[in-house]
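Residue indices begin at 1 and follow the sequence shown. Values in this document were obtained by computation on a predicted structure and should not be read as measured data.
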Amino acid sequence: MSGHGKDAVRLCEHVVRQAFGGVVTRVASILLNRGRLPFPYIVRLAGLPRPTVAAALLLLMQHNLVLSNGVHLRTDPEGLEEMYEFAVLDCLHRLRWGRMLAMTQERLGSVAMEVVRMVMVYGKLTPGDVMRVTSAEGDGQRMAAVQEATVELVRNGLLQPTCPELHVIESDLIQRRFAAKKRQLIKDTGFTMPSAQSLADLQAKSAYEIETEREELRSLGRVLIKTPKVGKKKKAKEEFDYSLKPDVALRINNDRYGVLIRDELVVKAAEDRWNKGAAEVVRAVLAASLDEESTLKDTRTLADVGFNEIVERIPNKAHVVKVHGEIVRTYLAILAGEDQMLANGGAFLRREGSSSNPGFKVELESIAVRLRASLLSELVRQRLNDPAARVLAVVAKAQIASETTVRDCAMLPLREARKILSELQKMSIVETQEVPKTAAKMRTGLPSSAEYHLWQVDLPRVYNALLASVYKTIANAIQRKSAEVEKRKLVLDREARSMGVGGRDRLQQKDQEDLAELDGIVKKLTIAAARSELVVFILRDLPGWPEKW
């Protein structure tokens, strides 16, 4: 996947402006447009006082939007200068906060949702800070509820520990570790020019060590305390009481929320492909597979899930499949492609183990590939027609296809196939490659200079272009929302003054109508941005990004 372009930068500027105002946006915009910079350059380019720029950078780092090269943490800085870089992905993750809050409330309740909301507002909070900002201090019952909710959020991986070391750019850490290992290798061997294979091994080892160390810093053991329960007899599985260390800061775990969003998309895809019963079976497999090791980049779920685990996780009210075990087995056979109807990667599940007691895994990567392909196909269908979607499917599957191949497989006249290919080329979806005629084809009387065209789809380029277009759509929605609010600023001020004396009912009829119209516009724009962000999630975050063939 390619880097972030101007549309992503523009979207980040709108997100930062909406959250922090114009001054902070000015500092963020410099880092977004110019890349990594030291503090003196940021001050000069921003044209703001040094304390103001320092406060803006501190605020952005508190909210995980700016990273540094970590010179301040080094014992041997060697004259290096502290550099700062904007974290584009962390900024774009803020667009799904509404969905994340809704999922938290659905899974863990309103108190947990309030804790997550406070962490979003403040960027990072220790468990003690969570108590203070949620007004739990002094109220024993609420304090217990907030503490329990925070523990559950940490145990479920929705909140994770953080520290200053995690605000250092990972690539810088890898290069420093690699440089140190290279110096040690030269010292040990006496060769000033190590082989390419040795350098590649050192680079891979350095990356693995840094990733392992950062995972350790994010592990639950740094913040979660387990103590055996008192007065309970030991069972097959020992029971514990859980508490949190008060001095370890917590932040939102975007990857775990991404796993939950991915699972919901997979369940919806199963429902669209089959029915609600199949969706419930897939949901049960995903729920049983979820553990601390699950990440968004997994190509398939990690653990095998047995039949009994699947049946136990299907609620009675969900579908009649709970009552009849044979129906569940039938669904599993269909989802795993055992009826030979889902060849070429069409199966949702993978069957492993013995035939008497099989285990099942969800094929996440192949599902994600089909979701991306469905988005592109739907775009072509909306802008052109159904035959154009068939033509695109033929070219994408064949990788390189001639016009006659497209004509035969898409079941279209050659003239219409050529017209559709031309329209797809105008949309920058397909491209051509000229190929000289072979000697065998020249025997038909064609001149030696004759050439013919082969059609292909460069999926990485097409998906990147589509992703940039969606970024632009979301930015336009946010900008339009801000403009609509600014247009009715006077009416909103009158509403704010009347909140203590009856609210909107005390305003004039015209003001009430303007506010109602604003509510409708903001709601539509918010829904449009949320739906577009889900498209971004499918295109950018799911596994199975196509490789350049």
Side-chain angles (χ1 to χ4, degrees), residues 1-6 8-9 30-42 44-45 57 61 64-91 162-219 222 255 293 295-299 302 365 399 433 456 458-461 463-464 467 540-541 543-549:
M1 183 176 172
S2 67
H4 303 286
K6 61 179 182 179
V9 168
I30 291 170
L31 293 175
L32 279 164
N33 289 283
R34 294 180 179 266
R36 186 183 301 193
L37 288 172
F39 181 73
Y41 280 74
I42 300 173
R44 186 184 308 168
L45 292 170
L57 284 174
M61 294 184 77
N64 311 296
L65 298 181
V66 167
L67 304 174
S68 76
N69 62 351
V71 171
H72 65 286
L73 296 175
R74 295 189 64 181
T75 57
D76 54 338
E78 300 177 355
L80 298 177
E81 196 171 13
E82 189 84 20
M83 306 283 281
Y84 299 93
E85 183 176 306
F86 196 87
V88 175
L89 277 180
D90 280 318
C91 182
T162 186
C163 60
E165 289 78 8
L166 292 173
H167 283 75
V168 180
I169 303 168
E170 186 173 358
S171 59
D172 283 37
L173 294 174
I174 294 174
Q175 288 306 313
R176 289 175 199 160
R177 183 67 58 85
F178 169 74
K181 288 183 177 296
K182 182 179 177 182
R183 288 194 298 267
Q184 186 64 39
L185 179 65
I186 293 174
K187 181 180 178 181
D188 294 341
T189 60
F191 296 107
T192 57
M193 294 291 290
S195 66
Q197 183 62 45
S198 298
L199 294 178
D201 292 341
L202 289 181
Q203 184 75 20
K205 186 176 180 181
S206 301
Y208 174 77
E209 289 178 358
I210 293 298
E211 183 179 358
T212 303
E213 292 172 6
R214 290 171 72 89
E215 287 297 325
E216 181 64 25
L217 291 174
R218 287 190 287 258
S219 64
R222 289 191 61 244
D255 190 80
E293 304 287 328
T295 61
L296 190 53
K297 64 182 180 181
D298 293 335
T299 57
L302 302 178
E365 184 175 14
Q399 292 187 346
Q433 180 179 359
Q456 64 183 19
D458 186 356
L459 286 178
R461 181 186 61 79
Y463 286 152
N464 275 317
L467 186 60
R540 184 193 67 204
D541 295 342
W545 183 262
E547 298 292 336
K548 178 74 175 178
W549 57 270

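- Going from atom CG of Leu202 over to atom CZ of Arg183 covers 12.0 Å, rounded to the nearest 0.5 Å.
- Residue Ser171 comes nearest to Arg36 through the heavy atom pair OG-NH2, 4.4 Å, listed as atom of the first residue, atom of the second, then distance.
- Across all non-hydrogen atoms, the minimal contact from Leu45 to Arg34 is CD1-CD, 3.3 Å.
- The two atoms that bring Asn64 and Ala87 nearest to each other are O-CB, 3.9 Å, heavy atoms only.
- The CD atom of Gln184 sits 10.0 Å away from the OG1 atom of Thr189 when rounded to the nearest 0.5 Å.
- The minimum heavy-atom distance linking Pro194 with Leu199 is given by the pair CB-CD2, 4.0 Å.
- Atom-to-atom distance recorded for Glu170:CD and Leu166:CG is 9.5 Å, nearest 0.5 angstrom.
- Residues that satisfy the salt bridge (charged side-chain N to carboxylate O under 4.0 Å, His left out) test with Arg222, not counting sequence neighbours, are absent from this structure.
- When all heavy atoms of Pro460 and Pro546 are compared, the closest pair comes out as CG-O, 3.4 Å.
- A 4.5 Å side-chain heavy-atom check between Leu65 and Phe86 finds at least one atom pair inside the cut-off.
- At most 12 heavy atoms of other shown residues, nucleotides or ligands fall within 6.0 angstrom of atom CD in Glu293.
- Remark: Arg44 CZ to Phe39 CZ distance equals 12.0 Å, nearest 0.5 Å.
- Of all heavy-atom pairs between Lys297 and Pro543, the closest is O-CB, 4.0 Å.
- Contact annotation: the side chain of Arg540 approaches that of Leu89 to within less than 4.5 Å [non-hydrogen atoms, C-beta and beyond].
- Of the residues listed (Lys182, Glu211, Arg177), the one engaging Ser206 in a side chain to side chain contact (heavy atoms under 4.5 Å, CB included) is Arg177, and it is the only one.
- Put simply, the side chain of Arg214 reaches to within 4.5 Å of the side chain of Leu173, judged on heavy atoms.
- In terms of the side-chain hydrogen bond (donor to acceptor under 3.5 Å, both in side chains) criterion, residue partners of Asp298 (sequence neighbours excluded) are, by chain and number, Thr295.
- Within the 4.5 Å cutoff, no side-chain heavy atoms of Glu85 are placed close to those of Asp172.
- Separation of atoms CG (Leu57) and CD1 (Ile42) is listed at 5.0 Å; rounding is to 0.5 Å.
- No more than 12 heavy atoms of other residues, nucleotides or ligands sit less than 6.0 Å from atom OH of Tyr41.
- Between Met83 atom CE and Ile169 atom CD1 the span is 8.5 Å, to the nearest 0.5 Å.
- No salt bridge links Arg218 with Asp255; every basic N to acidic carboxylate O contact stays at or beyond 4.0 Å.
- The shortest side-chain heavy-atom distance between His167 and Thr162 falls under the 4.5 Å cut-off.
- Within the structure, every pair that satisfies the side chain to side chain donor-acceptor pair (under 3.5 Å) test and touches residues 193-203, not counting sequence neighbours, is listed here: Ser195-Ser198, Gln197-Asp201.
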